[in-house]
Asks: 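A single structure is presented below for examination.
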Amino acid sequence: MGTLDGKVAIVTGAARGIGAAIAVRLANEGADIALCDLKEEWLTDTAEAVKAAGCRVGCFGVDVSDSDGVNEVVGKIVAEYGGVDVLVNNAGITRDTLMMRMSEEDWDAVLNVNLKGTFLFTRAVSRPMMKKRTGAVVNIASIIGLIGNAGQCNYAASKAGVIALTKSSAKEMASRNIRVNAVAPGFIQSKMTDGLSEDIRDKMLGNIPMKRFGTPEDVADVVVFLAGETSGYMTGQVLTVSGGMVM
């Protein structure tokens, strides 16, 4: 038996990378999965991987920064699945450049997806979770929200906001047995890191005590812990998954 048998989990930004790994890991623990991303057709590969775990899966296209769209999708999921037990707010984008060159459009785009999207989905699931008097929300933040980074003022601000939102919403919903925690990944292996020159990779790895990049599965394992009852007395916490880069 899995630790999440009979549970229903929503994962945003589930088309690839960390989001896809989280969805598959939750499914391996027995959860039925509602996959969300900007375009429904982007979710095909993740959906097939979830099906292979033997769990129910649905695909939903939604702009996480659109209030009406988010409310509609969460309403559909609750109606089709009979409720929601776990929400993973993973959807995120970057628009990196130095602040002096950053356009308002790049600022707004990142804050709208990363921070507003997390708020909108959390707000949308709060009522059905409160009715059940149980639930777990896991927000994907970043170590950049803790330490900042040149060229990422918008991204850092959005992820710092996610951390603050995590703590405040955790205090609001704790009395209804709804836990809200965050995971802050460090440098995670991706197509971007695979394409880096050896010199740049060595410089990045020099800042990581464990001397390797993380994997999407490293993050997914921590999300599963926070989604399940083995973390039942934890809320408002931020767990870094950075190989010791942030301590």
Side-chain angles (χ1 to χ4, degrees), residues 2-5 7-65 69-70 73-74 76-77 80-81 84-94 110 113-114 117-118 121-122 125 136-144 155 158-159 162 181-195 212-228 239-243:
T3 60
L4 297 171
D5 282 348
K7 303 294 187 181
V8 175
I10 299 173
V11 182
T12 70
R16 59 186 180 275
I18 291 173
I22 290 169
V24 172
R25 188 72 178 80
L26 291 170
N28 286 335
E29 290 298 325
D32 292 328
I33 311 295
L35 304 171
C36 297
D37 215 307
L38 186 60
K39 301 290 185 183
E40 184 178 331
E41 56 266 28
W42 294 354
L43 295 163
T44 302
D45 290 344
T46 307
E48 290 302 316
V50 170
K51 284 178 185 176
C55 294
R56 180 180 177 183
V57 61
C59 299
F60 302 86
V62 61
D63 177 354
V64 299
S65 68
V70 169
V73 161
V74 171
K76 284 181 181 179
I77 293 168
E80 291 180 19
Y81 287 73
V84 57
D85 303 287
V86 177
L87 167 66
V88 182
N89 283 305
N90 170 74
I93 63 171
T94 58
V110 171
V113 172
N114 298 6
T118 298
F121 257 94
T122 303
V125 303
V137 178
V138 184
N139 297 325
I140 305 303
S142 169
I143 62 167
I144 303 305
Y155 185 76
S158 72
K159 293 302 187 177
V162 167
N181 293 289
V183 178
F187 290 131
I188 303 300
Q189 192 171 343
S190 64
K191 289 182 179 179
M192 183 193 77
T193 57
D194 291 343
R212 71 171 177 88
F213 294 120
T215 66
E217 288 72 25
D218 288 325
V219 179
D221 285 342
V222 178
V223 171
V224 167
F225 166 65
L226 291 174
L239 302 186
T240 61
V241 183
S242 67

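The model shown is predicted, which means the values in this text are computed figures rather than measured ones.
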Asks: Looking at Y81 and G58, would you say the former's side chain and the latter's main chain have a donor-acceptor pair under 3.5 Å?
Replies: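 Such a contact is found between Y81 side chain and G58 backbone.
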Asks: Assess whether side-chain contact (heavy atoms from CB on, under 4.5 Å) is satisfied between N114 and I93, documenting all intermediate values.
Replies: CA-CA 7 Å; N114 298 6; I93 63 171; 3.9 Å; yes
Asks: Is any side-chain heavy atom of E80 closer than 4.5 Å to a side-chain heavy atom of F60?
Replies: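 They are in contact (side-chain heavy atoms under 4.5 Å apart), so the answer is yes.
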Asks: Can you find a pair of side-chain heavy atoms, one from V88 and one from T12, that are under 4.5 Å apart?
Replies: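 Counting from C-beta outward, V88 and T12 never come under 4.5 Å.
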Asks: Would you name the heavy atoms of I140 and V162 that are closest together and state the gap between them?
Replies: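 Between these two residues, the closest heavy atoms are O-CG1, 4.4 Å.
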Asks: What closest approach, in Å, do I10 and C36 show between heavy atoms, and which atom pair accounts for it?
Replies: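 Closest approach of I10 to C36: CG2-SG, 4.0 Å.
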Asks: Which atom pair, heavy atoms only, marks the closest approach of A23 to L35?
Replies: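 For A23 and L35, the tightest heavy-atom pair comes out as CB-CD2, 3.5 Å.
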Asks: Short question: side chain of T46, backbone of A14 - any donor-acceptor pair under 3.5 Å?
Replies: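 Present.
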Asks: Between P216 and A21, what is the shortest heavy-atom contact and its length?
Replies: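 So the two residues come closest at CB-CB, 3.6 Å.
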Asks: side-chain contact (heavy atoms from CB on, under 4.5 Å), that's the test. Do L26 and L4 meet it? Break it down for me.
Replies: CA-CA 7 Å; L26 291 170; L4 297 171; 3.5 Å; yes
Asks: Quick check: closest heavy atoms across V57 and A47, and the distance to 0.1 Å?
Replies: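 Smallest interatomic distance, heavy atoms only, reads CG1-O, 3.9 Å.
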Asks: Counting distance only, does the side-chain N/O of S142 pair as donor-acceptor with the main-chain N or O of I144 below 3.5 Å?
Replies: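 Yes; judged by distance alone, with no hydrogens or angles, the pair exists.
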Asks: Applying side chain to side chain donor-acceptor pair (under 3.5 Å), can you list everything that pairs with N90, at least two apart in sequence or on another chain?
Replies: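 By the side chain to side chain donor-acceptor pair (under 3.5 Å) rule, N90 matches no residue at all.
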Asks: Any donor and acceptor pair, going by atom type alone, linking the side chain of D45 with main-chain N or O of A15 inside 3.5 Å?
Replies: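 Checking the backbone N and O of A15 against the side chain of D45, no donor-acceptor pair under 3.5 Å is found.
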Asks: In Å, rounded to the nearest 0.5 Å, how long is the span from CD1 of I188 to CG of D218?
Replies: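 Separation between the atoms: 6.5 Å.
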Asks: Indicate yes or no: at least one non-hydrogen side-chain atom of V138 is less than 4.5 angstrom from one of V183.
Replies: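 Heavy-atom side-chain distance check passes, below 4.5 Å.
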Asks: How long is the gap from CG on L43 to CD on E48, to the nearest 0.5 Å?
Replies: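 The distance works out to 11.5 Å.
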Asks: With sequence neighbours left out, what residues match T122 under side-chain contact (heavy atoms from CB on, under 4.5 Å)?
Replies: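 Residues passing side-chain contact (heavy atoms from CB on, under 4.5 Å) with T122: L87, N89, T118, V137, N139, M173.
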Asks: Minimum heavy-atom separation for I143 and S242, please, with both atom names.
Replies: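 Shortest heavy-atom separation between I143 and S242 comes out as CG2-CB, 4.0 Å.
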Asks: Working to the nearest 0.5 angstrom, can you tell me the gap between K159 NZ and T94 OG1?
Replies: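 Here the interatomic distance stands at 10.0 Å.
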Asks: Sorted by first residue and then second, give each side chain to side chain donor-acceptor pair (under 3.5 Å) pair with at least one member in residues 15-41; sequence neighbours left out.
Replies: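 As it turns out, the side chain to side chain donor-acceptor pair (under 3.5 Å) pairs with a partner in residues 15-41, which skip direct neighbours, are T3-E29, R25-E29, R25-D221.
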